[in-house]
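Below is one structure, written out as structure tokens; the observations come after it.
Source: prediction; values computed, not measured. Residue numbers start from 1 in every chain, and the chains themselves are labelled A, B, ... in the order their sequence lines are given, proteins ahead of strands.
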Protein chains: 2
Amino acid sequence: MPDTSHGSPAGLAISAPHRELLDQVLDKWSLQVLNELCERPCRFNDLRRAIPAVTQKSLTATLRRLERNGIIERVLLSSRPVAVEYRITSLGKTLRHPVDVLLEWATAHMPDIEKARLRFDGSFGD
Amino acid sequence: MPDTSHGSPAGLAISAPHRELLDQVLDKWSLQVLNELCERPCRFNDLRRAIPAVTQKSLTATLRRLERNGIIERVLLSSRPVAVEYRITSLGKTLRHPVDVLLEWATAHMPDIEKARLRFDGSFGD
DNA sequence: CTGTATCCGATCAGATACTG
DNA sequence: CAGTATCTGATCGGATACAG
């Protein structure tokens with residue numbers, strides 16, 4: 001690259017593949033699925049029960065996407081009545097730390113953020 | 001809560017407010033905006049130039065959202081011709097580390113993920 | 001320069017029905 | 001049990017036009 005740098009202190013940078021990856025891995029349901037599978041392998045309906053708000057369709061899509069990215073693994077347990085188990089992969093496990101850091105940040109700063117929101121929302125109704 | 005615990009090893013957990021917050025702060029354009037503002041304060045059109053792919057509408061929405069959450073600050077520099085500057089807040093700066101951890105993860109594991117994708121996509125066309 | 005307002009096509013997500 | 005298929009309403013994002 002010629003020169004996109006303006007003296008970036010920490011060298012953060014977001015390429016298109018980065019964004020695409022984060023979109024696929026940090027979307028609405030992925031974190032919950034990841035959370036469940038980090039604790040134990042789950043059947044499809046285990047996950048539905050663990051995440052009541054997700055629809056069948058969205059859960060299927062989420063699982064396929066995570067599987068495609070190598071974050072989880074789909075294991076066929078038996079064929080007649082079909083039984084499937086989803087498991088976290090070793091690659092998936094490496095995702096846990098970054099996500100934890102993010103959640104810790106969210107937890108730590110939630111009060112500040114709520115204050116900011118009230119201030120922002122208030123400066124209009126007033 | 002009665003008992004949603006299944007012996008969570010690391011205590012990861014995603015509440016609705018957590019998800020909402022991450023959605024607002026990690027969305028498509030927020031990371032790029034954050035990246036720019038971490039380096040220097042920017043005018044509206046500075047940001048448009050720095051992030052060519054964003055439309056005016058989406059940039060405005062992103063800036064409002066980040067401002068509402070206290071991550072950035074909108075400073076009126078002069079009123080006649082209107083001049084505005086956006087700056088990262090101290091709360092916004094605390095977000096940088098978690099995001100960096102995430103980006104480092106993405107960078108480090110991109111090859112594995114690409115391999116996983118090829119394997120997944122290949123097992124159908126074949 | 002820094003936006004807001006509107007239209008519009010594409011995508012998303014829920015509900016429902018059906019299959020092996 | 002573990003999905004797929006389809007319909008549909010809501011939402012998103014881009015393009016364009018306009019305003020203070």
Closest non-hydrogen atom pair, [X] against [Y]:
X       : Y        : answer
B/Ser30 : B/Gln24  : OG-O, 3.6 Å
B/Pro98 : A/Val101 : CA-CG1, 3.7 Å
B/Lys28 : A/Arg19  : O-CD, 3.1 Å

field: B/Val33: which of B/Asp27, B/Leu66, B/Val54 passes side-chain contact (heavy atoms from CB on, under 4.5 Å)
entry: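 So the option named by the test is B/Leu66.
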Single hit among A/Ile72, A/Leu37, A/Leu63 for side-chain contact (heavy atoms from CB on, under 4.5 Å) with A/Cys42: A/Leu37
At 4.0 Å (heavy atoms only), tell me whether [X] reaches a base, stays on the sugar-phosphate, or touches nothing.
X       : answer
A/Arg43 : sugar-phosphate
A/Val84 : sugar-phosphate
A/Arg48 : nothing
A/Arg74 : sugar-phosphate

field: First encountered from the 5' end of DNA chain C, between B/Val82 and A/Val54
entry: B/Val82
task: Using the test salt bridge (Lys or Arg N to Asp or Glu O under 4.0 Å), find all partners of A/Glu85 that sit at least two apart in sequence or belong to another chain.
output: A/Arg87
field: 5' to 3' contact window, DNA chain D with chain A (heavy-atom distance under 4.0 Å)
entry: D/dC1 to D/dC7
- prompt: Is the distance from OP1 or OP2 of C/dG3 to the nearest side-chain N or O of B/Tyr86 less than 4.0 Å?
  reply: yes
Please enumerate all protein N or O atoms sitting under 3.5 Å from an N or O of nucleotides 4-8 of chain C, with distances to 0.1 Å.
{"residue": "C/dT4", "atom": "O4", "partner": "B/Gln56", "partner atom": "OE1", "Å": "3.4"}

To the nearest Å, how far apart are [X] [atom1] and [N] [atom2]?
X       : N      : atom1 : atom2 : result
A/Arg80 : C/dT19 : CZ    : C1'   : 16 Å
B/Glu67 : C/dT2  : CD    : P     : 14 Å
A/Leu59 : C/dC12 : CG    : C1'   : 16 Å

query: NE2 of B/His97 to CD of A/Glu104: how many Å apart, nearest 0.5 Å?
result: 9.0 Å
message: Would you compute the distance between atom CZ of B/Phe44 and atom CZ of B/Arg74 and round it to the nearest 0.5 angstrom?
response: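 Reported value, rounded in 0.5 Å steps: 10.0 Å.
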